[in-house]
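Remarks on the structure that follows.
What you see below is based on every heavy atom in this structure, not just the backbone, and it leaves out hydrogens, waters and symmetry mates. The structure displayed is predicted, hence computed values, not measured ones. Numbers here simply count residues along the sequence, with the first being 1.
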Amino acid sequence: MSEQQKEQQLLETVDRIIAEGPYQPAWSSLMQAKTPDWFKQKRFGIFIHWGVYSVPANSNEWYPRNMYIEGMPAYEHHIKTYGSQKDFGYKDFIPMFHAEKFDPAEWVRLFKEAGAGYVFPVAEHHDGFQMYKSELSHWNSAEMGPKRDVLGELKAEIEKQGLTFCTSSHRAEHWFFLGHGKEFDSDIKEPLQKGDLYWPSMPEPDAEDLYGEPYPTEEFLNDWLARTAEIILNYKPSLLYFDWWVQHQAFKPYLKKLAAFYYNCGVKWGKDVKICYKHDAMMFGSGIVEVERGGFAEAKPYDWQTDTAVARNSWCYTDTLDYKSSNEIICTLVDVVSKNGNLLLNIGPKADGTIPDGDRAILEDLEKWMRVNSEAVIGANVWRKSMEGPTAAAEGQFQDQKELKFTNKDYRFTINHGNIYAIALQCPKDGVFCIRSLADSSDQNVPEFHGIIESVDILGYDGRLQWSVDGEGLHVTAPGIDSEFPVVVRVRPE
């Protein structure tokens, strides 16, 4: 069967499964889909950006675009390191992508030990190289480069170790991602055939223009729909993630169609599934709200997720990563969960399949912290108040370019197992905690808490703790306590 015939077969399958219902390609119907119960329980997941762009390991995962734009650092680096784009193009990195040390069992073990409950490997990034076995294009990891079905191997190991498999497609942006290569004498030139790595390489529109030209063609949109349907049918992800450009007007009918197909597949599989989307690509309530590298200032009554990376300057491995501290990432996790969100933390393996030392160190610090404190975040829900203290996270996307410094007066609150967890984002050096939100309600100036406290302890602390409550707050004294990471005060009401 030809690639064109396979695409047509997939599109017919999409139509058939939609016709069988119950979900239809209309927002009013898609809004009835339920978020999986596990999503709110697991709270912490791992994103994986790994692909051909990991071979040059330069700049970031946008290297395939930027290496074709004169004046960009990646353009100059490419010429200096590999020669002209005419003689050595992006496709020439594929034979260098050996992944000879790729061990999915080790990856998943690290993720699980770090406390993750679900994993999102990227199935296809903007570069157009599929990290899975495909019948729609030969430019995939099963036939080229590693010659392994990377997505399939990861899915098998993720589920074997008891985690939930999810995946993402960034195919939409491929419409324009390599288009700058046509602007000078490079290896990207007409004629380009559908199914080729470089097809269609169109001029890049304004990313903020939701009606931007050149308008994606029906041919490309059907290709996007078929590729995504192939992933859904063959790999059965529990969640599906799209990057920003599916918000373009051209995608609207196709996105609704894809969502109806995917949600109906979930019904056939006997499980709830959902799409994670950015901005306003989907009608509110029809998917899970996604906030890239940011979050919300206050708790939300709906499910949401933030995706961020271990480094500020890239999602994939490079040799110039600006790593965040483990403390910053743990504080982000605590802040997000206190506001009813999930944290999806990205890891970027090297081209050979090894986890970089910097990524590994963060995962190991997460493991140490989670071993003691996981009950305050995994399976936790919001309390009547999410936070107290002088330091608040900024609202919106791309807020992580500078570390937010918390003080020993900053707390975040969650509830779980009949307890209230007051999480001190900075451990006080003198071991003295004052949690104002748990002050004695008999003081008319402090109306927040009206409960009776039965017991107080600090997770992982085995010293002699003392506590008392008055109109100022819950006072806890823990002599000798010392931690570079957030400390969890567990409060059990009567």
Side-chain angles (χ1 to χ4, degrees), residues 36 38-51 54 61 97-125 130-133 140-142 145-169 231-232 234-241 269 271 273 276 305 307-311 315-317 326 329-330 333 342-371 373-374 377-379:
W38 65 259
F39 181 74
K40 200 165 185 174
Q41 286 295 311
K42 298 195 174 183
R43 288 300 189 191
F44 175 51
I46 295 290
F47 216 177
I48 308 172
H49 278 67
W50 190 47
S54 304
E61 72 288 348
F97 184 30
H98 302 301
E100 66 274 16
K101 297 180 181 178
F102 170 46
D103 183 351
E106 184 204 10
W107 285 19
V108 178
R109 178 185 61 77
L110 284 169
F111 304 155
K112 184 176 182 178
E113 289 176 349
Y118 57 104
V119 185
F120 265 94
V122 173
E124 179 180 346
H125 204 256
Q130 298 161 293
M131 295 292 288
Y132 59 95
K133 186 177 181 180
N140 67 75
S141 67
K147 295 189 177 178
R148 295 171 68 174
D149 180 359
V150 171
L151 194 68
E153 290 188 40
L154 282 169
K155 171 185 167 66
E157 196 59 46
I158 289 164
E159 294 179 343
K160 179 181 178 182
Q161 295 196 35
L163 280 67
T164 300
F165 170 77
C166 310
T167 193
S168 73
S169 171
I231 293 170
I232 291 168
N234 291 346
Y235 298 93
K236 297 181 173 61
S238 293
L239 290 180
L240 187 60
Y241 172 110
W269 303 334
K271 66 179 183 180
V273 297
C276 302
Q305 178 172 259
D307 54 293
T308 193
V310 294
W315 291 86
C316 76
Y317 171 74
S326 298
I329 289 168
I330 294 170
L333 171 64
N342 282 31
L343 174 63
L344 184 61
L345 179 67
N346 182 73
I347 298 300
K350 293 183 177 182
D352 66 1
T354 56
I355 304 295
D357 290 344
D359 298 48
R360 184 182 292 270
I362 289 170
L363 291 171
E364 290 173 350
D365 282 340
L366 275 163
E367 177 193 355
K368 293 172 190 173
W369 190 85
M370 285 284 202
R371 194 184 305 137
N373 301 293
S374 63
V377 289
I378 305 303

* Asked: So, Glu367 and Arg371, do they make that salt bridge, N to O below 4.0 Å?
  -> yes
* Should Leu366 and Ser326 count as side-chain neighbours, where that means a heavy-atom distance under 4.5 Å? -> no
* Asked: Checking side-chain contact (heavy atoms from CB on, under 4.5 Å) for the pair Leu333/Phe44: CA distance, chi angles, key distance, verdict?
  -> CA-CA 8 Å; Leu333 171 64; Phe44 175 51; 4.2 Å; yes
* **Shortest non-hydrogen separation from Gln161 to Ala105 and the atoms involved** => NE2-O, 3.1 Å
* To do: Measure from the side-chain N and O atoms of Glu157 to the backbone N and O of Val108, and report whether any donor-acceptor pair falls under 3.5 Å.
  => no
* Asked: Can any side-chain N or O of Lys42 pair as donor or acceptor with the backbone N or O of Ile378 at less than 3.5 Å?
  -> no
* Structure fact -> Ala311 meets the side-chain contact (heavy atoms from CB on, under 4.5 Å) criterion, sequence neighbours left out, with Asn313, Leu321
* Any chance the side chains of Tyr241 and Asp307 put a donor and an acceptor closer than 3.5 Å? -> yes
* Structure fact -> Heavy-atom nearest pair, Cys166 first then Pro121, reads O-CD, 3.0 Å
* To do: Would you indicate whether Lys271, at its atom NZ, is surrounded by more than 12 heavy atoms from other residues, nucleotides or ligands within a distance under 6.0 Å?
  => yes
* To do: Considering non-hydrogen atoms only, spot the tightest contact between Pro356 and Pro349 and give its length.
  => CD-CA, 3.9 Å
* What pair of heavy atoms forms the shortest contact from Gly353 to Trp50, and how long is it? -> CA-CZ2, 3.7 Å
* Which is it for Val122 and Ile48 under the side-chain contact (heavy atoms from CB on, under 4.5 Å) test, yes or no, and what are the steps along the way? -> CA-CA 6 Å; Val122 173; Ile48 308 172; 6.0 Å; no
* Decide yes or no for Thr167 and Ser169: does some side-chain heavy atom of the first lie under 4.5 Å from some side-chain heavy atom of the second? => no
* To do: Determine yes or no for a side-chain-to-main-chain donor-acceptor pair under 3.5 angstrom, with Ser141 supplying the side chain and Arg148 the backbone.
  => yes
* Asked: Is a donor on one side and an acceptor on the other found under 3.5 Å between the side chain of Ser54 and the backbone of Gly51?
  -> yes
* To do: Give, for atom CG of Leu240 and atom SG of Cys276, the distance between the pair rounded to the nearest 0.5 Å.
  => 8.0 Å
* Which distance, rounded to the nearest 0.5 Å, do you find between the CG of Asn346 and the CD1 of Ile46? -> 8.5 Å
* **side-chain contact (heavy atoms from CB on, under 4.5 Å) assessment of Leu344 paired with Phe120** => CA-CA 8 Å; Leu344 184 61; Phe120 265 94; 3.7 Å; yes
* **Contact check, side chains of Ile158 and Trp107, non-hydrogen atoms, under 4.5 Å** => no
* Asked: Looking at CE of Met370 and CD of Glu113, how far apart are the two atoms once the value is rounded to the nearest 0.5 Å?
  -> 13.0 Å
* Structure fact -> The ring-ring contact (aromatic ring centres under 6.0 Å, His included) partners of Trp269 (sequence neighbours excluded) come to none
* What's the verdict on side-chain contact (heavy atoms from CB on, under 4.5 Å) for Ile362 and Ile329, showing C-alpha distance, side-chain angles and the deciding distance? -> CA-CA 8 Å; Ile362 289 170; Ile329 289 168; 3.6 Å; yes
* State the CG-CG distance between Asn234 and Leu151, to the nearest 0.5 angstrom. => 9.5 Å
* From Gln130 atom CD to His125 atom NE2, the distance as rounded to the nearest 0.5 Å -> 14.5 Å
* Does Leu154 reach the side chain of Phe102, with side-chain heavy atoms less than 4.5 Å apart? -> yes
* Validation row: Trp315, Phe47 side chains within 4.5 angstrom (heavy atoms) -> yes
* In terms of side-chain geometry, is the basic nitrogen of Glu106 or Arg360 positioned less than 4.0 Å from the acidic oxygen of its partner? -> yes
* Can you check whether Ile355 reaches Leu110 side chain to side chain, under 4.5 Å on heavy atoms? -> yes
* Structure fact -> Distance col, row Leu163:CG vs Lys155:NZ, nearest 0.5 angstrom, shows 12.5 Å
* **pair Tyr235-Asp149: side-chain heavy atoms closer than 4.5 Å** => yes
* Asked: With a 4.5 Å heavy-atom cut-off, do Glu124 and Met131 have their side chains touching?
  -> no
* To do: Please step through ring pair (Phe, Tyr, Trp, His ring centres under 6.0 Å) for the pair Trp38 and Tyr118, ending with a clear verdict.
  => CA-CA 9 Å; Trp38 65 259; Tyr118 57 104; 5.2 Å; yes
* **Asn342 side-chain N/O to Phe39 backbone N/O, donor-acceptor pair under 3.5 Å** => yes
* Return yes if some donor-acceptor pair links the side-chain N/O of Asn373 with the main-chain N/O of Trp369 below 3.5 Å, else return no. => yes
